[in-house]
Q: 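Supplied in structure tokens, the structure appears directly below.
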There are 2 protein chains.
Amino acid sequence: MHSVLADDQQREPSVDRTDGPRRRATIHDVAKLAGVSRQTVSRAVNDKGEIDPGTKERVLEAARLLDYRPSRFARGLVRKGTVTAGLVIPDLMNPFFPEVAAGVLEAAEQRGWQVVVWDSRTDDAREREALDVLSHQADAVVGYFKNPDDVLARHLGGVPLVLLERGPQQTRFAAVGIDAAAGLEQGLAHLVRAGHRRIGMLDGVHGPGPRREAFLKETRRHDLPVDDSWIALCDEHSVAGGEAGMERLLDERPEITAVFGFNDLIAIGAMRAVRWRGRRVPEDLAVLGFDGLSLGELVDPALTTLHIDKRRLGRLAVEQVARLRAGEEPMSGADAWVIPELVVRASA
Amino acid sequence: MHSVLADDQQREPSVDRTDGPRRRATIHDVAKLAGVSRQTVSRAVNDKGEIDPGTKERVLEAARLLDYRPSRFARGLVRKGTVTAGLVIPDLMNPFFPEVAAGVLEAAEQRGWQVVVWDSRTDDAREREALDVLSHQADAVVGYFKNPDDVLARHLGGVPLVLLERGPQQTRFAAVGIDAAAGLEQGLAHLVRAGHRRIGMLDGVHGPGPRREAFLKETRRHDLPVDDSWIALCDEHSVAGGEAGMERLLDERPEITAVFGFNDLIAIGAMRAVRWRGRRVPEDLAVLGFDGLSLGELVDPALTTLHIDKRRLGRLAVEQVARLRAGEEPMSGADAWVIPELVVRASA
DNA sequence: TTGTAGGCGTTATCAC
DNA sequence: GTGATAACGCCTACAA
């Protein structure tokens, strides 16, 4: 066995530190230790054919000795093809998002892409930080954002973006989303069919958006008495947010016989608040959610909700990215929408 | 001078001359188009000081035209410091794991690391695939694995690994974990204090492990009548798995007055099964969970459980990785454990 | 202010 | 089989 001490020719000059974080071994070090050329090392490490079994073994031994691992940067530089997507999620504690993420991961994996995940915790500044990093490290970004178009563009530096839900001031990026109108059509029809006429809504933190709009539209269509006083804002998309919001709504509009929650967590919070007040669900007050979390089956009464195929939403977003990258026109309209489906359970 | 509206950023550059397979623009292309050297482009793009505002604008315009974005590989090669960790999660639908992931992401972000996430879906083969990829693209891996040490090592190719939970055949990698013994000590003490003597367990899919072991130990300590017939295996770590497992357990041991579930989902499944049989929780049968999911507060009755600080677990794992990378000794024993805390609610 | 030279770690190409 | 040599795209000197 050769015993070639890596006599660092031009690197860290003459400093022979035995401890501390040593420089990572390169292909060159391995080559020297094994007494072969870099090329041969490459052949051995990458399991190429044209190499003598003996030298191969010797090279691999040297590599092991030096704890050599090829640099992914150098490799990426020379072998194209590694695609990395960034995924920005607002709240990992809301079961909705992990499921969307699962869809993204699934589709990305099928294409051989990697996914770098960021948790923005519903914070505008953190969204921007995420973009600052991902714009340097990812080939495309997918996610939920509150920042307006121009801000996003500024922090994106040209990296393609696909929104998982288009916000009010977000029109120029590709997006996928949920067909709230189609969902609420089913939802309100169901409530009206059950005899409800005084229906309130617990909206999310962002205020006016597709869900509220659709709610208002359907509500008018059925000729129900509704204005903004029938809508309460929740300051969190969570059970606690729903509880607090429902308290306020009941104070404002005690006459309601049904509520539509911005999402399932809020709806579940609403149910709890209703019961605190000694009213029964659904007999005194019906509750309709939006999301279709499996959690909704576990609460009592089980939550009637507009179920969304969240995995599909995630997969759709990846497909959208693929189109962008291929220079194709992104899907738009119904092709890029997931349509909610009413799931009737006990709460409404 | 041309001016390109930002709306175009979703499309491919219109200037795409040079026919052929449209190569991505490099710093060189920009330099040529702007009529400057590559360094000047670098200065403009990286916002360095020493550059004439005029040329800078010209360069940036050229970059925009060509849709130029610096190669992360070339950059990584020259600017060290980008650390990427791989995170392998078995089941994103179980609320436990997103919360651990949140802890990992949080800690990683603080260190300026990125995290590539893989969903192994509790599948051995998928675990290996994840490692095959991550060993090439990540500087370290954190995750849940079922494969034994030697298999992991083989697919790891020298990349440091930190297990989020040490399995039976996994001894040679660094790990963090949960102190099941400390948890069950509290849990069983609580049940015994409440007068229970005939206590069953719903174990997870992997069979014998720290939780079962701890259960058996505590059970013996309190001198309770327990052997394997008091333990049923669930074939899924889910509510459905818990329901099915509880059915079997009740068939085998109808005399039990309390059950300990491997995790909260299983425990919740158990509660449902108990009620199907017309027995009340906790009056006829008490249920104790393990995990402390917030979901447990929403079910009826609310779940008594051994709460784990899941975010902390994730953060701990990242810290463990940092030690490995620094060449330090990884934490071991109690330092690397999260201790469960009994949260008494209505179910037991 | 701007350009030239060289190196980062790896692989492809083409000799030997 | 094996080894020079030349990219790959970028950045940090240093020179002009």
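A note on names: the letters A, B, ... follow the listed sequences, proteins ahead of strands, and every chain is numbered from 1.
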Q: What integer distance in Å separates B/Phe73:CZ from D/dA7:P?
A: 21 Å

Q: Rounded to whole Å, please give me the gap between CZ in A/Arg69 and P in C/dT10.
A: 11 Å

Q: For C/dG9, does OP1 or OP2 lie under 4.0 Å from any side-chain N or O of A/Ser71?
A: no

Q: A/Asp52 has a side chain; which of D/dT2, D/dC10, D/dC11 sits nearest to it?
A: D/dT2

Q: Are B/Val88 and B/Phe145 close enough that some pair of their side-chain heavy atoms sits under 4.5 Å apart?
A: yes

Q: Between P on D/dG9 and CG on B/Asp29, what's the gap in Å once rounded to a whole number?
A: 8 Å

Q: Does a side-chain N or O from B/Ser37 land closer than 4.0 Å to OP1 or OP2 of C/dG3, or not?
A: yes

Q: Consider side-chain contact (heavy atoms from CB on, under 4.5 Å). Of A/Leu131, A/Leu163, A/Leu152, which one does A/Val141 pass it with?
A: A/Leu131

Q: Hey, are the side chains of B/Thr40 and B/Arg43 touching, using non-hydrogen atoms and a 4.5 Å cut-off?
A: yes

Q: May I ask you to test the B/Leu161-B/Gln170 pair for a side-chain heavy-atom distance under 4.5 Å?
A: no

Q: Return the value, rounded to whole Å, for the distance between atom CG of A/Leu77 and atom P of C/dG9.
A: 12 Å

Q: Take A/Pro53 and A/Arg38, find for each the nucleotide of DNA chain D with the closest heavy atom, and name the residue whose nucleotide sits nearer the 5' end.
A: A/Pro53

Q: Tabulate atom names and distances for all N/O pairs under 3.5 angstrom spanning the protein and nucleotides 12-16 of chain C.
A:
{"unit_1": "C/dA12", "atom_1": "N7", "unit_2": "A/Gln39", "atom_2": "NE2", "d": "3.4"}
{"unit_1": "C/dA12", "atom_1": "N6", "unit_2": "A/Gln39", "atom_2": "NE2", "d": "2.2"}

Q: Could you check, using the six-membered ring where one of them is a Trp, whether A/Phe97 and A/Tyr144 have ring centers closer than 6.0 angstrom?
A: yes

Q: Over its full length, what angle do the end axes of the helix from C/dT1-D/dA16 to C/dC16-D/dG1 make, each axis taken from five pairs and the result rounded to 10 degrees?
A: 40°

Q: List in chain and number order the residues that pass ring pair (Phe, Tyr, Trp, His ring centres under 6.0 Å) with B/Phe73, two or more places apart in sequence or in another chain; answer none if no residue qualifies.
A: none

Q: For C/dT2 and B/Thr55 - does any side-chain N or O of the residue sit under 4.0 Å from the phosphate oxygens OP1/OP2?
A: yes

Q: Would you kindly give the CZ-to-P distance between B/Arg24 and D/dC8, to the nearest whole Å?
A: 15 Å

Q: Let me know the distance between CZ of A/Arg75 and C1' of C/dC8, rounded to the nearest Å.
A: 16 Å

Q: How about B/Asp119 and A/Glu106: do any of their side-chain heavy atoms sit closer than 4.5 Å?
A: no

Q: So, is B/Thr40 near the phosphate of C/dG3, with a side-chain N or O under 4.0 Å from OP1 or OP2?
A: yes

Q: How close or far is atom P of C/dT11 from atom NE2 of A/His28, stated in whole angstroms?
A: 15 Å

Q: Go through the steps for A/Thr82 and A/Arg72 under the test side chain to side chain donor-acceptor pair (under 3.5 Å), then give the verdict.
A: CA-CA 10 Å; A/Thr82 336; A/Arg72 68 167 175 284; over 6 Å; no

Q: Rounding to a whole Å, what distance do you find between A/Ile51:CD1 and D/dG1:P?
A: 10 Å

Q: Using the side chain to side chain contact (heavy atoms under 4.5 Å, CB included) rule, take B/Val133 and B/Glu129 through it: C-alpha gap first, then chi angles, then the decisive distance, then the call.
A: CA-CA 6 Å; B/Val133 173; B/Glu129 289 168 29; 5.8 Å; no

